[in-house]
Trainee: 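This is the structure I have questions about; it appears just below.
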Amino acid sequence: MKTLSENKCFGGVQGVYTHASDACGCDMTFGLFLPEVSADEPVPVLWYLSGLTCSHENAMIKAGAQAWAADNGIALVFPDTSPRGPGVADDAAYDLGQGAGFYLNATEAPWAAHYRMWDYLAEELPAIVTANFAIDETRQAITGHSMGGHGALTLAMRLPGRFRSVSAFAPIAHPAASDWGRRQFTAYLGADEAAWAAHDATLLMRRLGFDGPILIDQGSQDPYLDLLRPEALAQVMAERRQNATFRMQPGYDHSYFFVASFMPDHVAFHARALYG
């Protein structure tokens, strides 16, 4: 692992690091914020998964999470959204290829060689972070925006016991029934829709649920509502009587202005679970 930068931030340190990834077969970069208290003891961690076209950098700079994480003594991890590099398969479209890994393990050519984002986030990166920094691996939570909300929800439900809480900002809630999902799943996983169910939050909620609290915020003026399908997930959560809060926020769109507006609520929500 190599240090690309470290900056003082709200009393703690905002770092950016790179490492050779066995899972993805390329160099991967991630951001990590450590609050000041981590100098004295291991701290709980909140994972933030970003959306389409983003890298580790977007949320690290725009989401405004560090101030609230510092106040609550929580570390933040900002992973990248896909493998990258000249030897990594890509597509001209913004919603497929580099920057659009959809947090799954691809099985189809040419994607299967590098697009192993599920293994990277479920196994490899957590091991690297907990081995090298003052992180309490027994206290983890996860959140994300858009494609990252999809990733946060699916990781939380399929890794029971790993995360104490999960939240999402405008998640892609039912990708198996959306153009933000069907095209990507076909490319990455093949045409057999049975393979898609493991990466659809609505279908996983119906089958598995989550063994902790959930918070979801969605903007009412989000231009991508028909692609996100939040109503499908909300209905299944209600039917399952899942411990969940779904909030439709009047007037908000899909931007980082929306994310930053409700970030304090999300960090406080996770702090209650991590320190409760």
Trainee: Give a yes or no on whether the backbone of Ile172 and the side-chain of Arg229 come within a donor-acceptor separation of less than 3.5 Å.
Mentor: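 No, Arg229 side chain to Ile172 backbone: no donor-acceptor pair under 3.5 Å.
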Trainee: Please answer: with hydrophobic residues joined when any side-chain heavy atoms are less than 4.5 Å apart, are Leu155 and Leu46 in the same cluster?
Mentor: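 No: no chain of side-chain contacts under 4.5 Å links Leu155 to Leu46.
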Trainee: Can any side-chain N or O of His114 pair as donor or acceptor with the backbone N or O of Pro83 at less than 3.5 Å?
Mentor: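 Looks like no, no N/O pair under 3.5 Å.
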Trainee: Given side chains that start at C-beta, do those of Thr186 and Trp196 come closer than 4.5 Å, heavy atoms only?
Mentor: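 In short, these two side chains touch, coming nearer than 4.5 Å.
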Trainee: Would you verify whether the NZ or CZ of Arg158 falls within 45 degrees of the ring axis of Trp118 while also being under 6.0 Å from that six-membered ring's centre?
Mentor: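 Here Arg158 passes the 6.0 Å and 45° test against Trp118.
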Trainee: Decide yes or no for Thr18 and Met1: does some side-chain heavy atom of the first lie under 4.5 Å from some side-chain heavy atom of the second?
Mentor: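 No, their side chains stay 4.5 Å or more apart.
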Trainee: Is Glu57 salt-bridged to Lys62, cutoff N-O under 4.0 Å?
Mentor: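 No salt bridge links Glu57 with Lys62.
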Trainee: Look at the side chain of Tyr188 and the backbone N and O of Ala112, then say whether any donor-acceptor pair between them is shorter than 3.5 Å.
Mentor: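 Judged by distance alone, no pair lies under 3.5 Å.
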Trainee: Identify whether Val77 and Ile135 are in the same connected component of the hydrophobic contact network (ILVMFWY, side-chain heavy atoms under 4.5 Å).
Mentor: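 Result: yes, single cluster for both.
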Trainee: Are Glu6 and Tyr17 close enough that a side-chain donor and a side-chain acceptor fall under 3.5 Å?
Mentor: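 The answer is yes; a qualifying pair exists.
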Trainee: To the nearest 0.5 Å, what is the distance between CG (Asp90) and OG (Ser82)?
Mentor: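 With rounding to 0.5 Å, CG (Asp90) is 7.5 Å from OG (Ser82).
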Trainee: Side chains of Trp47 and Phe78, heavy atoms from C-beta outward: is any pair under 4.5 Å?
Mentor: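 No; the side chains remain at least 4.5 Å from each other.
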Trainee: Would you sort out whether Thr245 and Phe269 count as a side-chain contact (heavy atoms from CB on, under 4.5 Å), showing the intermediate values?
Mentor: CA-CA 11 Å; Thr245 300; Phe269 164 78; over 6 Å; no
Trainee: Using the side-chain contact (heavy atoms from CB on, under 4.5 Å) rule, take Asp253 and Tyr224 through it: C-alpha gap first, then chi angles, then the decisive distance, then the call.
Mentor: CA-CA 9 Å; Asp253 56 22; Tyr224 306 114; over 6 Å; no
Trainee: Between Arg182 (side chain) and Ala176 (backbone), is there a donor-acceptor pair under 3.5 Å?
Mentor: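 It does hold such a pair.
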Trainee: Can you tell me how far the CG atom of Asp22 sits from the CZ atom of Arg116, to the nearest 0.5 Å?
Mentor: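 The CZ atom of Arg116 is 12.5 Å from CG of Asp22, to the nearest 0.5 Å.
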Trainee: Does a side-chain heavy-atom distance below 4.5 Å link Tyr120 with Met117?
Mentor: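 Touching, per the 4.5 Å side-chain cut-off.
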Trainee: Taking atom types as modelled and ignoring hydrogens, do the side chains of Gln14 and Gln66 form a donor-acceptor contact shorter than 3.5 angstrom?
Mentor: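 The criterion, which ignores hydrogens and geometry beyond distance, is satisfied for Gln66 and Gln14.
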Trainee: Working to the nearest 0.5 angstrom, can you tell me the gap between His199 NE2 and Asn105 CG?
Mentor: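 The distance works out to 6.5 Å.
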Trainee: Are Met147 and Phe185 connected into the same hydrophobic cluster when the rule is that any two of I, L, V, M, F, W, Y join if their side-chain heavy atoms are below 4.5 Å apart?
Mentor: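 Hydrophobic grouping puts Phe185 with Met147.
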Trainee: Are Val37 and Val43 side-chain neighbours, meaning at least one heavy-atom pair lies under 4.5 Å?
Mentor: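 Result yes, sub-4.5 Å side-chain heavy-atom pair found.
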Trainee: Taking everything shown except Asp27 itself, do over 12 heavy atoms lie less than 6.0 Å from its CG?
Mentor: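 Yes, because the 6.0 Å sphere around CG of Asp27 holds more than 12 heavy atoms from other groups.
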Trainee: Give a yes or no answer on whether the side chain of Asn58 reaches the backbone of Cys54 with a donor-acceptor pair at less than 3.5 Å.
Mentor: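 The answer is no, because no donor-acceptor pair under 3.5 Å joins these two groups.
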Trainee: Which heavy atom of Met205 sits nearest to which heavy atom of Arg240, and what is that distance?
Mentor: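 Smallest heavy-atom distance, with atoms named: O-CD, 3.2 Å.
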Trainee: Are the charged groups of Asp80 and Arg84 less than 4.0 angstrom apart, N to O?
Mentor: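 Salt bridge: yes.
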Trainee: Could you report the tightest heavy-atom contact between Val166 and Ala152, atom names first, then the distance?
Mentor: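 Looking at all heavy atoms of both residues, the shortest contact is CG2-O, 3.7 Å.
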Trainee: Is a side-chain N or O of Ser5 found less than 3.5 angstrom from the main chain of Gly15, in a donor-acceptor match?
Mentor: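 Checking the backbone N and O of Gly15 against the side chain of Ser5, no donor-acceptor pair under 3.5 Å is found.
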Trainee: Between Thr81 and Ser55, is there a donor-acceptor pair closer than 3.5 Å when you use the side chain of the first and the backbone of the second?
Mentor: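 Absent.
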Trainee: Donor-acceptor pair, Gln235 side chain versus Ala232 backbone, under 3.5 Å?
Mentor: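 It does not hold such a pair.
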Trainee: What I'd like to find out is whether the side chain of Glu108 reaches to under 4.5 Å of the side chain of Leu189, using heavy atoms alone.
Mentor: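 No, side chains not in contact.
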Trainee: Apply the test ring pair (Phe, Tyr, Trp, His ring centres under 6.0 Å) to residues Tyr48 and His145: give CA-CA distance (whole Å), side-chain angles for both, the deciding distance (0.1 Å), then the verdict.
Mentor: CA-CA 8 Å; Tyr48 184 101; His145 172 227; 7.5 Å; no
Trainee: Does any part of the side chain of Pro171, heavy atoms only, come nearer than 4.5 Å to the side chain of Ile216, both counted from C-beta?
Mentor: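 They are in side-chain contact.
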Trainee: If you compare all heavy atoms of Arg162 against all heavy atoms of Pro126, which two are closest, and at what distance to 0.1 Å?
Mentor: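 Scanning both residues, the minimum pair turns out to be NH1-CG, 4.2 Å.
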Trainee: Which residues pass the salt bridge (charged side-chain N to carboxylate O under 4.0 Å, His left out) test with Arg247, not counting sequence neighbours?
Mentor: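 Once residues adjacent in sequence are excluded, the partners of Arg247 under the salt bridge (charged side-chain N to carboxylate O under 4.0 Å, His left out) criterion are Asp217, Asp265.
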Trainee: To the nearest 0.5 angstrom, please state how far the CZ atom of Phe210 sits from the CE atom of Met157.
Mentor: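 Between atom CZ of Phe210 and atom CE of Met157 there are 9.0 Å.
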Trainee: Asp136: what forms a side-chain contact (heavy atoms from CB on, under 4.5 Å) with it, not counting sequence neighbours?
Mentor: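 Expected list: Pro42, Thr138, Arg139.
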Trainee: Does one side chain, of Asp200 or His174, offer a donor that lies under 3.5 Å from an acceptor on the other?
Mentor: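 The answer is yes; a qualifying pair exists.
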Trainee: Looking at residues at least two apart in the chain, or sitting in another chain, which of them share a salt bridge (charged side-chain N to carboxylate O under 4.0 Å, His left out) with Asp91?
Mentor: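 Asp91: no salt bridge (charged side-chain N to carboxylate O under 4.0 Å, His left out) contacts found.
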Trainee: Do you know the tightest heavy-atom contact between Ala168 and His266?
Mentor: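 What the structure gives for the nearest pair is O-CE1, 3.6 Å.
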Trainee: Which word best sums up how the rings of Tyr115 and Trp111 line up, parallel for under 30°, tilted for 30 to 60°, or perpendicular for over 60°?
Mentor: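 Geometry flag for Trp111 against Tyr115: perpendicular rings.
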Trainee: Look at the aromatic rings of His150 and Phe102 and report parallel, tilted or perpendicular, splitting at 30° and 60°.
Mentor: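 If you compare the ring of His150 with that of Phe102, the planes turn out tilted.
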Trainee: To the closest 0.5 Å, what do you measure between CG (Leu32) and NE2 (His56)?
Mentor: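 One finds 11.5 Å between CG of Leu32 and NE2 of His56.
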Trainee: Is it true that Arg241 and Glu239 make a salt bridge, defined as a side-chain N closer than 4.0 Å to a carboxylate O?
Mentor: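 Salt bridge absent between Arg241 and Glu239.
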Trainee: Are any non-hydrogen side-chain atoms of Met28 and His19 less than 4.5 angstrom apart?
Mentor: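 In contact.
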Trainee: Can you see whether Ser146 engages His254 through a side-chain donor-acceptor pair at a distance of less than 3.5 angstrom?
Mentor: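 Result is yes, a qualifying pair exists.
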Trainee: Tell me, with the steps shown, if Val129 and Phe30 meet side-chain contact (heavy atoms from CB on, under 4.5 Å).
Mentor: CA-CA 10 Å; Val129 169; Phe30 66 94; 4.1 Å; yes
Trainee: I'd like to know whether CZ of Phe262 has more than 12 heavy-atom contacts from other residues, nucleotides or ligands below 6.0 angstrom.
Mentor: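 Enclosed.
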Trainee: Taking Val13 as the starting point, is it possible to reach Val16 by hopping between hydrophobic residues whose side chains are less than 4.5 Å apart?
Mentor: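 Not linked; separate clusters.
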Trainee: For the residue pair Phe258 and Phe169, categorise the inter-ring angle as parallel (less than 30°), tilted (30 to 60°) or perpendicular (more than 60°).
Mentor: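 Phe258 vs Phe169 ring planes: perpendicular.
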Trainee: Would you please say whether a donor-acceptor pair under 3.5 Å links the side chains of Ser167 and His270?
Mentor: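 Yes, His270 and Ser167 have a side-chain donor paired with an acceptor closer than 3.5 Å.
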Trainee: When rounded to the nearest 0.5 angstrom, what distance separates CD1 in Ile74 from CG in Leu274?
Mentor: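 So the gap between those two atoms works out to 5.0 Å.
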Trainee: Applying a strict under-4.5 Å side-chain criterion to I, L, V, M, F, W and Y, I'd like to know whether Ile61 and Leu34 cluster together.
Mentor: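 As far as the 4.5 Å side-chain criterion goes, Leu34 and Ile61 are not connected within one cluster.
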Trainee: Tell me, with the steps shown, if Ile142 and Leu49 meet side-chain contact (heavy atoms from CB on, under 4.5 Å).
Mentor: CA-CA 8 Å; Ile142 191 167; Leu49 306 187; 4.0 Å; yes
Trainee: Would you check if there is a donor-acceptor pair between the side chains of Glu124 and Ser21 at a distance under 3.5 Å?
Mentor: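 Per modelled atom types, Ser21 and Glu124 side chains form a pair under 3.5 Å.
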Trainee: Verify, without hydrogens or angle tests, whether Asn72 (side chain) and Ala69 (backbone) share a donor-acceptor contact under 3.5 angstrom.
Mentor: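 Absent.
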Trainee: What class does the angle between the rings of Trp180 and Tyr94 fall in, given that below 30° is parallel, 30 to 60° is tilted and above 60° is perpendicular?
Mentor: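 Ring orientation, 0 to 90° scale: perpendicular.
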Trainee: Measure across Ala201 and Thr154 and return the closest heavy-atom pair with its distance rounded to 0.1 Å.
Mentor: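 What the structure gives for the nearest pair is N-CG2, 4.0 Å.
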Trainee: Are the side chain of Gln98 and the backbone N or O of Val88 linked by a donor-acceptor pair below 3.5 Å?
Mentor: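 Yes; at least one donor-acceptor contact below 3.5 Å.
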